[in-house]
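The analysis underlying the following values was restricted to heavy atoms, covering all of them including side chains, and did not include hydrogens, waters or symmetry mates. Note that this is a predicted model, so its numbers are computed, not measured. In what follows, every chain begins at residue 1, and chains take the letters A, B, ... in the order their sequences are listed.
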Amino acid sequence: MYEFNYHRPGSVDEAVGLISEDAKILAGGQSLLPTMKLRLAQPSDMIDLAGIPGLSDISVDGSTVTIGATATHASVAASSAVAGAIPALAKLASGIGDAQVRNMGTMGGSVANADPAADYPAALVGLGATVHTNSRTVAADDFFTGIFETDLAENEIVTKVSFPVPQAAAYVKFANPASRYAIVGVFVAKTADGVRVAVTGAGGSVFRASDMEAALNGNFSASSLDGIAVASDDLNSDLHASADYRAHLVSVMAKRAVQAAGG
Amino acid sequence: MPNVSMTVNGKAVSAEVEPRTLLVQFLREKLSLTGTHVGCDTSQCGACVVHVNGKSVKACTTLAVQHEGADVTTIEGLAQNGELHPMQEAFKEHHGLQCGFCTPGMVMSAIDLVKTHPNPDEKTIREGLEGNICRCTGYHNIVKAVKAAADNMGG
């Protein structure tokens, strides 16, 4: 790992003020530090958010679950408030990485990093969440823009994400047995505004399966998805799974998620 | 260089470190606590697991400076007054190790697992140890040891 300067600001404003061209925001560090060890990233400055009070708060207010950026996966998984309001979200958090990664890794870090195989992006897009930054709010549908790419500007930090409580939801993934990253993960949510189906792991970035959403809006049942598949043209192909296999897995995981959500 | 202070195995420690110093390097190289092992150095194998404020973390994937003021426990801090921790005792009793390289991390992860799941079944134990890799034992005796320790620690 190359040398860098370490900063531990006490507020979001102070953290934003420390951002420079080659600085990186450090939350749990479970993706960033391995990347730096491999020298795939060499930030000049590391801005650690761990010292900012209130940034890891989790709250449930009527029809909204709000999770602070530095809330760990373990704390989301263990939150009875989250499990009561959106059980699928608590379950998703409980399946990220391993126990030790979940004790350090954070929701905000996962969202800002936008790994194509990460779990949280599926929850954000599947539930129609809103990303809050130090300067604005962004709809999850507009937030994830590509492989490790988001709509965040250079001087922006994710502060929290608010998730509307759905009528029913479930997340099912076909996990890489070593890393637990999603080879394909599908988040299905039945909301007042219709059904949302978000797919992670399969493409360069999380995406919605609109044909599946239309079919499930007609009848929220796994059998509604019979014969519906996503095109494999733009899907990932690597040593874990071919694009065609991933397309197949999307349909299988989507059906299982609909069943798990009561459909 | 920044100074970092924390409590390690009940003792206050303080040292100047480079910001890039990993927690595991701080423990092994500054404090000579070499019971915490570095296996893969890529946060997969779990040989480096220690407790930070009571929670198990991979010490190879976190910086020492991130843990200013923290309470850290390593494998060396488990035995009290010459008595092994019940988890260590169970690993010994049930032969939950062969070469022993993964054992410190296994024991630290297992203690955190039993704390969050006081009466774990086999599936819970196997899932809870997903972040720890043992290349000798096939896990069979490790799982037995954790179950026995959980029974002892609960009772």
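With rounding to the nearest 0.5 Å, the separation of CG in Asp41(B) from CG in Leu38(A) is 9.5 Å.
With a 6.0 Å radius and a threshold of 12 heavy atoms from other residues, nucleotides or ligands, Lys92(B) has its NZ atom at or below the threshold. Within a 6.0 Å radius of CD in Glu16(B), other residues, nucleotides and ligands contribute more than 12 heavy atoms. In this structure, Lys147(B) places its NZ atom where more than 12 heavy-atom neighbours from other residues, nucleotides or ligands lie under 6.0 Å away. Enclosure of atom CZ in Arg256(A) is not indicated, since only 12 or fewer non-hydrogen atoms of other residues, nucleotides or ligands lie within 6.0 angstrom.
For chain B, the nearby part of Arg180(A) is the side chain; its heavy atoms alone come within less than 4.5 Å. Within the 4.5 angstrom heavy-atom criterion, only side-chain atoms of Val49(B), from C-beta onward, approach chain A. Contacts between Met1(A) and chain B at a heavy-atom distance below 4.5 Å involve backbone atoms as well as side-chain atoms. Contacts of His51(B) with chain A are absent, with no heavy-atom separation under 4.5 Å from either backbone or side chain. If you measure heavy-atom distances from Glu18(B) to chain A, the contacts under 4.5 Å come from the side chain alone. Of the two parts of Leu26(A), only the side chain, counted from C-beta on, holds a non-hydrogen atom closer than 4.5 Å to a non-hydrogen atom of chain B. For Asn132(B), the part lying near chain A is the side chain, with the backbone staying farther off; criterion is any non-hydrogen pair under 4.5 Å.
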Legend entry - Residue pair Met104(A), Gln66(B): steps toward the side chain to side chain contact (heavy atoms under 4.5 Å, CB included) verdict: CA-CA 11 Å; Met104(A) 286 297 294; Gln66(B) 287 177 268; 4.2 Å; yes
Legend entry - Audit row: Lys37(A), Thr42(B), side chain to side chain contact (heavy atoms under 4.5 Å, CB included) steps and yes/no: CA-CA 8 Å; Lys37(A) 284 182 172 184; Thr42(B) 54; over 6 Å; no
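Nearest heavy-atom pair across Gly128(B) and Ala99(A) is O-CB, 4.2 Å. Considering every non-hydrogen atom in both Arg8(A) and Val65(B), the closest pair reads NH1-O, 4.2 Å. The minimum heavy-atom distance linking Leu33(A) with Thr62(B) is given by the pair CD1-CA, 3.6 Å. Of all heavy-atom pairs spanning Gln100(A) and Ser109(B), the tightest one is NE2-OG, 3.0 Å. Heavy atoms only, all atoms of each residue included: Phe4(A) and Leu63(B) are closest at CZ-CD1, 3.8 Å.
Checked by atom type, the side-chain pair Ser43(B)/Gln30(A) shows no donor-acceptor distance below 3.5 Å.
With hydrogens and angles disregarded, no donor-acceptor distance shorter than 3.5 Å links the side chain of Lys55(B) to the backbone of Ala74(A). Using a distance-only test at 3.5 Å, with no hydrogens or angles considered, no donor-acceptor pair links the side chain of Asp98(A) to the main chain of Glu130(B).
By number of non-hydrogen pairs under 4.5 angstrom with chain A, the leading residue of Thr61(B), Leu113(B), Val52(B), Leu22(B) is Thr61(B).
Between Asn5(A) and Pro19(B), every side-chain heavy-atom pair lies at or beyond the 4.5 Å cut-off.
Listed by chain and residue number, nothing satisfies the ring-ring contact (aromatic ring centres under 6.0 Å, His included) test with His85(B) (two or more places apart in sequence, or in another chain).
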